[in-house]
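Please read the structure below before turning to the comments.
Chain naming here is simple, since letters A, B, ... match the order of the sequence lines and numbering starts at 1 in each.
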Protein chains: 4
Amino acid sequence: MPRTEEQFKELRVKKRNHIMNSALDLFAQKGFDATSISMIAKRASISKGLIYNYFNSKEELIKAIVHDGFEKFFVEFDPNKDGILTDEEFIYFIDMTFDIIQKNLQFWKLYFMVVSQPQVMKLVEEKLMEVLIPFFRIMTGFYENKGYDNPIVHARLFGAMLDGISLNFMIDPDNFPVEETKKLIIEKFI
Amino acid sequence: MPRTEEQFKELRVKKRNHIMNSALDLFAQKGFDATSISMIAKRASISKGLIYNYFNSKEELIKAIVHDGFEKFFVEFDPNKDGILTDEEFIYFIDMTFDIIQKNLQFWKLYFMVVSQPQVMKLVEEKLMEVLIPFFRIMTGFYENKGYDNPIVHARLFGAMLDGISLNFMIDPDNFPVEETKKLIIEKFI
Amino acid sequence: MPRTEEQFKELRVKKRNHIMNSALDLFAQKGFDATSISMIAKRASISKGLIYNYFNSKEELIKAIVHDGFEKFFVEFDPNKDGILTDEEFIYFIDMTFDIIQKNLQFWKLYFMVVSQPQVMKLVEEKLMEVLIPFFRIMTGFYENKGYDNPIVHARLFGAMLDGISLNFMIDPDNFPVEETKKLIIEKFI
Amino acid sequence: MPRTEEQFKELRVKKRNHIMNSALDLFAQKGFDATSISMIAKRASISKGLIYNYFNSKEELIKAIVHDGFEKFFVEFDPNKDGILTDEEFIYFIDMTFDIIQKNLQFWKLYFMVVSQPQVMKLVEEKLMEVLIPFFRIMTGFYENKGYDNPIVHARLFGAMLDGISLNFMIDPDNFPVEETKKLIIEKFI
DNA sequence: TATGAATGAGCCTTCATTCAT
DNA sequence: GATGAATGAAGGCTCATTCAT
């Protein structure tokens, strides 16, 4: 009894995700260059060759991981999709951000790795901008609506601070004072 | 008749620095793994082998670069070395920080590369802490003296923000609104 | 459709032996250090990289060769496996020894190379002892049964002489008076 | 006050010997390839360059060591230089041999290393023969005078046994039953 | 005579990628 | 779709030897 095309496709998607997750774990733990295709294959319990059935190269693989990760992040940001952030949404967003980072620690480790390694950054620059530009637009709008005279600088500082916090949180997640930091951010940036 | 010991020593120090500078350029530009010893040799206009006359391994080389860089940074921080930061010193420090980053862009690229690549981070973790711990102690003291009730969280947030700003500045130095950001930081964090 | 596990295994065993034989030839002919992985690959008509698919390092490779060789030797010694050597078995053993050396000249060259190169000896010391200790036990038993008062010294002298003969035979096999030497040994050591 | 030419020459000879001794130690301990010129220089407390002032190459150096060692051995063998060995001289020779080996353990380690490494053997083959041929001539003469019908085989077996004993002694000098072995040799080979 | 910086060839090893099965 | 043997380029590193001083 042959499977339907649908079933095949679903299987492929599942396996593809499985490979990406295995790779993400290793990339985040060891770095891009220090992770070999062999290691990924072993971790995913498949053969080396099969990886090339799903991704054309190691670079395509990390590209796919980063793209996917940002796609997910994008969906969770700006809840009602109107491009406008109210104070309540802003607070909710801060909450969400820590939540997302905590749940996807691996991915954010990868993110910083990518950002600080030019050779890898090139691969994902475009996708990154696709996410960051709307983010800055919304944040700038938020400060504009508050009537600040330099909303762009505010937005950039806020973005930078978020990067910094993520970085620090990621380096030592267990000792980071999450709740108190949230409060302080809200106090200072709203 | 051989050179005097003095002559040899001077030669070594000079050449060592030359190698470190060449390596820093490439590490910052391409990343640690993507930079080969061959490339460093070519950039420094010396033979591959000579590098190993000055550094036992590629890892030792990056270690030396990071150590050196932090040593310099350490000297410029806390101007009067009393471990106490006044408001004026704080403002001066913000100024200095941007200055230092601007002048040593390469080094700070390297710094983020190091922090976000576990395999490299291990090599310099100790030295890094040697610099960061006093920094946090002083910052915590600063907020304590201001009578805030959670000086540690303030200090961490400030540190994180500084990381984030450096990172953003570093990625796109030409379009970063330096002066306005400085003002905003002072306004928000003093 | 991939090969069956069976097919892969057979392939591996065959290729592994092929590599070991190629390596043995060269090690025996040129010495361990003077034989490069490149040379072995060329002799085996495979790529350098493939050798590392079968052996983790050059050291592992020589280790495997020595282990294998001794394993074979061990099987041919002490024919009826009772741990006791009769006069007839002793004579047979002398015969066998020359035979084995003659047939595995390469391997015995390697053996002396190994024994006299500390850095290589370390690698195979354990395996060597695994073979030599039972050999000495049996030889000591042989002289004990003859009622000699210093069977251990007899056994050692016999072993030493065998080493020496092998060494001399190996250096110039064509001019070595095999048959007459056998007779003389039997005459002197029985 | 300039030194006389004589004094210069003596100094050169002394330094040359010093280098050779340092090198011998290391060659015997680590093997020829595993010993670098740098290590020899360090052990001799001189510069790398100076070694090349005394020896044209690493190969020349080991050659000189082996030549020198055999020269010394040759002098101590056949005490009265008449080319004839009496029973007493033979016994004395056995004694001497163990003595010499014990006193020059390093050198004899080197000897076996050399013999079993074709690449090195080539370098000293000629010199070796220069010593071995007279040795065999004398030993053959010894057995001829005793009226044996195969004096050459006797001589070769004796030589081989001496090699074997030296090898075994060298591998584990502390546990070798020197005195008893001497007795046994005399008993069996005279 | 003596030094050690400098070279460059060559070594061991790794790994992304291909391909026959 | 799936396997893993096989390749080949490149990387880090060592070391005999040379040479300016």
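When the P atom of F:dC15 is taken as reference, atom CZ of D:Phe32 falls 13 Å away, rounded to whole Å. Across the protein-nucleic acid pair, C:Ile40 atom CD1 and E:dT13 atom C1' stand 13 Å apart, rounded to whole Å. The NZ atom of B:Lys42 sits 13 Å away from the C1' atom of E:dG8 (whole-angstrom rounding). Rounding to whole angstrom units, CD1 of residue A:Ile51 and P of E:dA16 are separated by 9 Å. Note: CZ (C:Phe8) to C1' (F:dA5) measures 7 Å, nearest angstrom. Taking atom CG on D:Leu61 and atom P on F:dT17, their separation rounds to 10 Å, with Å as the unit. Counting to the nearest Å, the P atom of E:dC12 and the CD1 atom of B:Ile37 are 20 Å from each other. The interatomic distance linking A:Gln7 (CD) with F:dG1 (P) rounds to 16 Å, in whole Å.
C:Thr35 comes within contact range of the sugar-phosphate backbone alone, with a heavy-atom separation under 4.0 Å but no base atom that close. Within the 4.0 angstrom heavy-atom criterion, only backbone atoms of the sugar-phosphate kind lie near B:Ile46; the bases stay farther away. Contacts of D:Leu50 with the nucleic acid, taken as non-hydrogen atoms under 4.0 Å apart, include base atoms. Contact annotation for A:Lys15: backbone-only contact, meaning every heavy-atom pair under 4.0 Å involves sugar-phosphate atoms and none involves a base.
OP1 or OP2 of F:dA2 lies within a sub-4.0 Å distance of a side-chain N or O belonging to A:Tyr54. A close approach under 4.0 Å does not occur between any side-chain nitrogen or oxygen of D:Asn53 and OP1 or OP2 of E:dA2. Between D:Lys48 and the phosphate of E:dA5, there is no side-chain N or O to OP1/OP2 separation shorter than 4.0 Å. Within the 4.0 Å cut-off from OP1 or OP2 of F:dG4, not a single side-chain nitrogen or oxygen of C:Arg12 is found. For F:dT14, the OP1/OP2 oxygens have no side-chain nitrogen or oxygen of B:Tyr52 closer than 4.0 Å.
Nearest-nucleotide positions on DNA chain E for A:Asp33 and B:Glu5 put B:Glu5 closer to the 5' end.
Counting non-hydrogen atoms of neighbouring residues, nucleotides and ligands closer than 6.0 angstrom, the CD atom of B:Glu10 reaches no more than 12 such neighbours.
Atom-to-atom distance recorded for A:Arg16:CZ and A:Asp68:CG is 7.0 Å, nearest 0.5 angstrom.
Pairing of E:dT21, defined by two Watson-Crick or G-U wobble distances under 3.5 Å, is identified with F:dA2. Within the shown strands, F:dA10 is the pairing partner of E:dT13 under the Watson-Crick or G-U definition, both distances less than 3.5 Å.
We find that B:Lys9 and B:Glu6 are not joined by a salt bridge, their nearest charged nitrogen and carboxylate oxygen being 4.0 Å or further apart. Using a 4.0 Å cut-off between charged side-chain N and carboxylate O, D:Glu125 and D:Lys122 make no salt bridge.
Closest contact between the side chain of A:Ser36 and the listed nucleotides E:dC15, F:dT3, E:dG8 involves E:dC15.
In this structure, D:Lys58 fails the cation-pi test against D:Phe27, since its NZ or CZ atom is not both closer than 6.0 Å to the six-membered ring centre and inside 45 degrees of the ring normal.
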